Asks: 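Please see the structure below; I have some questions.
When a ligand or atom number is given, it counts from 1 through the structure's own listing order. Position 1 is the first residue of the sequence, and the numbers go up from there. Quick caveat: nothing in here was measured; it's all calculated off a predicted structure.
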Amino acid sequence: MKIYVAGHTGLVGSAIMRMLDKNAFTNIITRSLEELDLRNQVEVNAFFEQERPDWVFLAAAKVGGIHANNTFPAEFIYDNTMIAFNIIHAAYQHKVKKLLFLGSSCIYPKMAPQPIKEEYLLTGSLEPTNEAYAIAKISGLELCKFYRRQYGCDFISAMPTNLYGINDNFDLNSSHVLPALIRKFHEAKEGNSPYVELWGSGKPLREFLYVDDLADALLHLMRHYSDEIHVNVGTGEDISIHDLALLIKEVVGYSGELRYDSAKPDGTPRKLLDVSRLNQSGWHYKTSLKKGVERVYHWYKEKQG
Ligand code: GFB
């Protein structure tokens, strides 16, 4: 079995690589950004013609936190649409046996009833801060659905909740909240700062999944799932940004104050996934938020040297 992991150095892709290694898959192909521009259809077609993979994990994407999504919407819609369409179409043309596409919980309507069932997709308006990213991701999963329906391709989609883990982005302008807070608390502790400033109100609720648990769920889906509708992947539990900050503060061992910058956006008030479809298929998450944050903080400190 020849497996192509698109986006193998990213947060999700690198976790898929660890999972494949752990499960003794050996014939894995990857390409760096310099070797293959996934936004270029000619390059992508030539790559599939040459390699002819059996399985594809489509984990390549332009991603970022609330600020990056809000600031660079043109890049988020263009890059993500091109990457998804080029790979999915090449996979169809070169008879890939199974492809898994990754969406994200932010593509559901902003005011979707909670917890969010898979069927709520496209039933309401999107959250404005990540509309461009959401439209690209929705197009990708609809493409998988229609290629299955019209051409019989075994292409499936997973919809992960907010993810975190090693190899995450810790840049304060473009990162998601969890790595940003690890860095902010760590630097405040090292520099003896009296307070740490968080964005928004601290009231939004978010669900967090450790990325190695996601990779495990993706293998489960590749082996056992084959249907049009995408599958939510999460823990089924959420936490306020304020409580997340208290948890990270404790793990890091910082004793100063928390302050909030209300000029920064809150984003969606809540996006808790209904994970009953995945649970009923026999998969549950393993890593608690506390354990996951401890692991990431340990990795982050080692990386700092
Ligand atoms: O993780 P995050 O950037 O993205 O922000 P979203 C989550 C919440 O944490 C927001 C707050 O309410 C932020 O205002 N927050 C507090 C912070 N302090 C910070 C901080 O220092 N940095 C950051 N980044 N946030 C993203 C989408 O939305 O979720 C993407 O924009 C993607 O498209 C991703 O889907 C999963 O959860 O709001």
Asks: Show every donor-acceptor pair shorter than 3.5 Å between a side-chain atom in residues 132-145 and any protein atom, with sequence neighbours excluded, or say none if there are none.
Replies:
residue	atom	partner	partner atom	Å
K137	NZ	L102	O	2.9
S139	OG	I135	O	2.8
E142	OE1	K145	NZ	3.1

Asks: State whether a side-chain donor-acceptor pair under 3.5 Å links S281 with H224.
Replies: no
Asks: If the threshold is 4.0 Å, N to carboxylate O, is there a salt bridge linking E187 and K184?
Replies: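 K184 and E187: not salt-bridged.
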Asks: Does the distance from a Lys or Arg side-chain N to an Asp or Glu carboxylate O, for R270 and D238, drop under 4.0 Å?
Replies: yes
Asks: My understanding is that only one of I239, T268, L178 makes a side chain to side chain contact (heavy atoms under 4.5 Å, CB included) with R206; could you say which?
Replies: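 Looking at I239, T268, L178, the match for R206 under the side chain to side chain contact (heavy atoms under 4.5 Å, CB included) is T268.
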Asks: Near ligand 1, which protein residues have a heavy atom under 4.0 Å away?
Replies: G64, G65, I66, N69, S104, C106, N130, Y133, N162, S175, H176, V177, A180, K184, L198, W199, P204, R206, I241, P265, D266, K271
Asks: Would you call D213 and K286 a salt bridge, taking side-chain N to carboxylate O under 4.0 Å as the test?
Replies: no
